[in-house]
Structure formats: C-alpha cells, structure tokens
Participant: 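Have a look at this one before I ask anything.
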Amino acid sequence: MKLERPRGTRDFLPEEMKKRREMEKILRRIAESYGYGEIATPTFEHVELFTLKSGESIVEEMYVFKDKSGRELALRPELTAPVMRLYVNSCEVMPKPLRFYYFANCFRYERPQKGRYREFWQFGVELIGSDSHLADAEVIMLAYEMLKALKVEFKLEIGHVGIMRDVLKGIENSDRIMRLIDKNQIDELEKFMNDCKVDEKVKDRVFRLIELKGDASILEKVNFAEKEIERLKRIAEILDAAKVEYEFDLGIVRGLDYYTGVVFECYAPNLGAQKQICGGGSYELASLFGGQKTPATGFAIGFDRVYEVCNVDGEKIRTVFVVAFEDTYLDALKIAKMLRNSGFVAVIDVMERNLKKQLSYANDIKAEFAVLVGKNELEEGKVSVKDLKSGQQIDVPIKELTNFLSSRTV
RNA sequence: GCCCGGAUGGGGUAGCGGCUAUCCUCUGGGACUGUGGAUCCCAGGAGGCGGGUUCAAAUCCCGCUCCGGGCCCCA
C-alpha cells in the first residue's frame, strides 16, 4: 500500500526549490532594502484570532483541531491577523512606524485547483502606525517593485473601499450590494437597488464609482468624498514619479470588512482562474485584538502563483565531478574538499563505479568538469581535468587546480 | 459544498471483455576492469483503492481516493 501526499499538498524537488529560494531571496532583499524586518509567528494560533477577524464561517475553511488540553487551535490561514496579534502583544510601545515582513506557509481547507493548494506560501509586509497616504504609496511601490524584480507580467489595480462604504452607509442590505459590485453583476445590482428602494442619489454615486477605471484623471469625475479622493490623487503623484504603472478601479470592494481605505490587487493575466497574485490595503485590526486603535497597511503575495509566472532562475554554482579510483579514493576526497573550500560544488562517486560510469554520471548531473584523480598523475603531483562540454583534457598540477578551474569561467 | 473530465511501471503511452499487458524513456549491471553523451545485451518496474457483473475485467457498472477544468469561496 503506497502512501500518498495529503490532498492539496505538494512535494518540491531540488530544481523547483532552487527557483523558489531564488525568488525568496529577491523578495527578502527588496523588503529589507526598504527597512522592513523579518518576523515569524506560530504555525497555529487560537481559533478566535481568525474568527474574530473574519467571522465564525471561516472555521469551515480552516484546519481546526483541539490540543490535549482541549484548546481550540487552527493552522494559520493567513498572516495579517497573527502579525497584528504579535503587534498588540509585544510592539505597541515601539517607535512608529513599524515595518515587518514575513514569508510563511499557510493552510486552508478548500478544494484544491491549479494555483490553489491546501498548504501554500505567502510573502507579505505590514507597515504599522501610519494612516498617511505616504504609507499607502510606500506599500504599493514595494509590491510593484517586488513583482517587477521577479519578472512577472501583471496589472496593478488600486481602489478605495472606504469611499464605497461611505456612500452605502446606513443603507440596508449594503453587504449584498457590495457583493454584487464585487462580482460586477451590473444588471442584478440595479435591480436589487431598485427593489430595496435605495435613494437615487446613492444609486447614482454607486454607478459612478464602479464605472471609474483608469488613470488619475478619473478622479476628477467624483464630486463627493473629497478628502479620500484627494488622498488617491496624492498617491497617484507619488506613483507616477516612481514610474509605477497602475490603474484606478473604484469598483474594487472585496468582501474584507477589515479593510478601511485604499486597497490594491495585482493580477497575472496568463494565470487563468486563480490569477490574483497579490492583494493588500489599509486596515485596522489592533483594536479588535485588544490593543489601541492603530492604522496599518500591507499586502501579501501569493508565492505559489507567482512561481508559475516568474521568470527568474536559481543561482548556478559550478559543479566539478571528482573521478576517483579504488586506489586513489582518499586523495580524491582531499581534492574534493579543496574544491569545496574554494566555492565549487564537488561531487564524488559513492557507487564504486568504473571510470566510464562515473563520467556518464558526471554528464547526467551537468558537471562542467571532471577531475580525474589517477595513480599515474598523482605521482607527478597532478590531476587530469576534463572539460565535459568540449571533451578536452589536460593535466594540471594539484596546487594550481582551483585557479585553473576558476580561470575557465563561462 | 456543486457540475464536468481523467487515473495503466519513476515519466510518457498502446490495448477498450479473452495469449506471458505494447512501445518509448528511465534505473542498475554488462559488452568496454583509466576516458562520458552512441549502439547492443541482461535485469528491474504498472492498470489508484474497494466492491459488483461475467466462465473470463486494465477494459463494463457502482462507491471511494487523488489529479485537472469550471462554480461557490478566497478571511
């Protein structure tokens, strides 16, 4: 009976891990270059942390379990709530703003599809303590720069949930209206608002907002919510100066209640059904978790989806295969060690194979060179170096081996 | 949670009631015991799982599992 992976999980082989690590390295470098520091939180948390943020219904979509003392725990389905919990627990008196980033696996009990797994990775940042448009702009720039550095083709869309929410303030069934807006079901939306006898002025504003898509000039067409429109204009100035490409879409509302102001999303058009690769915005969760009301803004990148459309390669370290014979194995080990100390990958036979098989294997693992450690050459203090691409072979004194190989770069 | 499609050695496949389950690739060994990628030979390895129909099932039927596509959802 063969054991299978749990549904929705994946194994990663070296080739894939290499690319993932390279992507991770790029993201970390950029986050740190903006002054963000890495944090880590537990893989599981109390269920309440997530139900508090998102409602009881999300229990269905989480891995929930009881520990031996009967505590209700959940594998984290996302990182924003844990980060804000950490903030409230330990960071409230630290100098603001705080800049954090994380890279971590998350778990959701959902039906797996391409680009949607039960264990998946998110790379995210949170900027805590500022409600200025400057904070919004910084975080958006950061997301943009990261996806660009990963050579991803994507579209950035910026909206503002606060404006729509304000328009619908006090209106009955505003949840349902928001949902219809989110799904872009315009006919349905109009019908529903008529049925609910929504005020004409409100209806007019709703339709005006959802039609607004494009560059900063669309903001001129809004004659209400002046303060927040002004915020978007200022963000636009900064993004334009930074040569960030984006579109405004005031019809972005998302179901996320905790978002308060500017929100943004990135899409990779060639990903199909699961094409959203990054989402974020400003929110307020600290007070919900028992802390002082604190503005925050951040985003999370769907690492696994980005992997699919990312065009970076893993770092190539030059590999040398050390061919050993029965009577020279100990000397070959020393030479391998010497090469490793000089920054090469040195691979040596452990199958007790003959020369032919060793070379064949060296070829299979894409070694650049084979260093033949033979009795005859050793007696002269040399080894034989074979270029596996050209087939050329030359004897090199052991003392000069690393220099010789280094000089043969490319 | 819903609808649809699929599952044959490690990977890719043929067979679609009946020979020892086909072919390619792969892995190990050998021909060639100090010179790779070629060739040849030998060896290894498979019908997702469970049940049913039948003299006989990889093949037909049912359930489950997993994968893929689309919904719901996406905190």
Side-chain angles (χ1 to χ4, degrees), chain A residues 1-11 13 45 47-64 74-84 106-118 120 122 124 179 182-183 253-259 263 265 267 271-281 283 285 288 298 300 302 304-305 321 323-328 332 349 351-378 383-395:
Chain A
M1 172 82 182
K2 211 189 266 183
L3 290 175
E4 307 268 330
R5 250 178 288 134
R7 183 165 159 85
T9 62
R10 291 157 297 156
D11 296 313
L13 292 171
E45 297 268 1
V47 168
E48 301 91 283
L49 177 64
F50 302 111
T51 53
L52 210 51
K53 177 185 172 222
S54 315
E56 285 296 330
S57 61
I58 65 149
V59 170
E60 301 303 314
E61 288 148 34
M62 289 195 296
Y63 281 88
V64 175
L75 297 183
R76 60 182 170 216
E78 50 102 23
L79 268 297
T80 300
V83 171
M84 289 316 287
C106 303
F107 307 84
R108 292 184 190 180
Y109 194 85
E110 296 181 292
R111 185 189 163 294
Q113 266 176 258
K114 193 154 193 82
R116 169 182 281 191
Y117 306 98
R118 289 185 169 181
F120 59 98
Q122 286 196 335
R179 179 162 293 195
D182 194 33
K183 288 185 190 167
V253 291
R254 309 185 72 184
L256 325 182
D257 293 339
Y258 63 94
Y259 281 114
V263 294
E265 299 177 336
Y267 300 97
L271 265 185
Q274 314 294 335
K275 65 183 198 293
Q276 194 190 326
I277 54 173
C278 174
Y283 58 91
L285 283 171
L288 191 62
D304 306 276
R305 293 180 189 176
F321 190 90
V323 176
F325 300 99
E326 210 178 338
D327 54 352
T328 62
D349 173 66
M351 299 271 280
E352 302 180 56
R353 287 201 271 222
N354 63 31
L355 171 62
K356 191 180 285 268
K357 294 285 178 186
Q358 291 193 44
L359 285 174
S360 173
Y361 182 72
N363 194 54
D364 287 340
I365 64 168
K366 299 186 171 58
E368 277 180 77
F369 295 98
V371 171
L372 282 64
V373 184
K375 201 79 185 167
N376 299 342
E377 294 92 331
L378 271 182
V383 289
S384 202
V385 176
K386 187 181 184 76
D387 182 324
L388 288 169
K389 281 200 193 79
S390 69
Q392 286 175 346
Q393 190 167 334
I394 182 171
D395 285 359

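Please read these numbers as outputs of a predicted model, since none were measured by experiment. Naming: A, B, ... by sequence-line order, numbering from 1 per chain.
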Participant: For E78(A), is there an ion pair with R108(A) - N to carboxylate O distance below 4.0 angstrom?
Facilitator: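 No, R108(A) and E78(A) are not salt-bridged.
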Participant: Looking only at the side chain of Q113(A) (C-beta and beyond, no hydrogens), which of the listed nucleotides rC67(B), rC72(B), rU35(B) gets closest?
Facilitator: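 My answer, after comparing the listed nucleotides, is rC72(B).
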Participant: Checking contacts here: which listed nucleotide (rG29(B), rC67(B), rC73(B)) is nearest the side-chain heavy atoms of P112(A)?
Facilitator: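 The nucleotide sitting nearest to the side chain is rC67(B).
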Participant: Just name whichever nucleotide pairs with rG68(B), Watson-Crick or G-U, keeping both distances under 3.5 Å, else none.
Facilitator: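 Base partner found: rC4(B).
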Participant: Sequence neighbours left out, what passes side-chain hydrogen bond (donor to acceptor under 3.5 Å, both in side chains) with E377(A)? Give chain and number order.
Facilitator: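 Expected list: none.
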Participant: Should rC26(B) form a Watson-Crick or G-U wobble pair with both distances under 3.5 Å, which nucleotide is its partner?
Facilitator: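 When the pairing criteria are applied, rG44(B) turns out to be the nucleotide that pairs with rC26(B).
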Participant: If the condition is side-chain hydrogen bond (donor to acceptor under 3.5 Å, both in side chains), which residues does R111(A) pass it with, not counting sequence neighbours?
Facilitator: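 With sequence neighbours excluded, R111(A) shows a side-chain hydrogen bond (donor to acceptor under 3.5 Å, both in side chains) to no residue whatsoever.
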Participant: Report the base-pairing partner of rC32(B) (Watson-Crick or G-U wobble, both distances below 3.5 angstrom), or none.
Facilitator: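 Matched rC32(B) with nothing under the 3.5 Å cut-off.
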Participant: Does Q358(A) put a side-chain nitrogen or oxygen below 4.0 Å from OP1 or OP2 of rU35(B)?
Facilitator: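 Result: no.
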Participant: Identify each atom pair where a protein N or O and an N or O of nucleotides 4-9 of chain B are less than 3.5 Å apart, giving names and distance.
Facilitator:
none

Participant: Which is true for E110(A) with a 4.0 Å heavy-atom rule: it touches a base, it touches only sugar-phosphate, or it touches nothing?
Facilitator: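 If one applies the 4.0 Å heavy-atom cut-off, E110(A) turns out to touch a base.
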Participant: Contact class for R76(A) vs. all strands (heavy atom < 4.0 Å): base, sugar-phosphate, or nothing?
Facilitator: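 No contact.
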Participant: Taking side-chain hydrogen bond (donor to acceptor under 3.5 Å, both in side chains) as the test, write out the residues that go with D304(A), two or more places apart.
Facilitator: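 side-chain hydrogen bond (donor to acceptor under 3.5 Å, both in side chains) list for D304(A), sorted by chain: R10(A), R20(A).
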Participant: Side chain of L355(A) only, heavy atoms from C-beta on: which candidate in rG68(B), rG29(B), rU35(B) is closest?
Facilitator: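 Side chain of L355(A) sits closest to rU35(B).
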Participant: Return the nearest nucleotide to the side chain of E61(A); candidates are rU35(B), rG69(B), rC73(B).
Facilitator: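 Nearest to the side chain of E61(A) among the choices is rC73(B).
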Participant: Would rG9(B) be called syn or anti, given that syn covers angles within 90° of 0?
Facilitator: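 That one's anti.
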Participant: Under 4.0 Å, heavy atoms only, any strand: does D387(A) hit a base, just the sugar-phosphate, or nothing?
Facilitator: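 Base contact.
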Participant: Give every pair of a protein N or O atom and an N or O atom of nucleotides 37-41 of chain B that lie under 3.5 Å apart, one pair per line with the distance.
Facilitator:
residue : atom : partner : partner atom : Å
rG37(B) : N1   : L388(A) : O            : 3.4

Participant: To the side chain of D364(A), which of rU35(B), rC67(B), rU27(B) is closest?
Facilitator: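 Nearest to the side-chain atoms of D364(A), counting from C-beta on, is rU27(B).
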Participant: Go through the N and O atoms of the side chain of R116(A) and the base of rC74(B), and report whether any donor-acceptor pair is under 3.5 Å.
Facilitator: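 Pair found.
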Participant: Looking at rG28(B), rG68(B), rG34(B), which one has an atom nearest to any side-chain atom of M351(A)?
Facilitator: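 Looking only at side-chain atoms, M351(A) lies closest to rG28(B).
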Participant: Going by side-chain hydrogen bond (donor to acceptor under 3.5 Å, both in side chains), name the residues that satisfy it together with S54(A), two or more places apart in sequence or in a different chain.
Facilitator: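 Listed in chain order: nothing, the list is empty.
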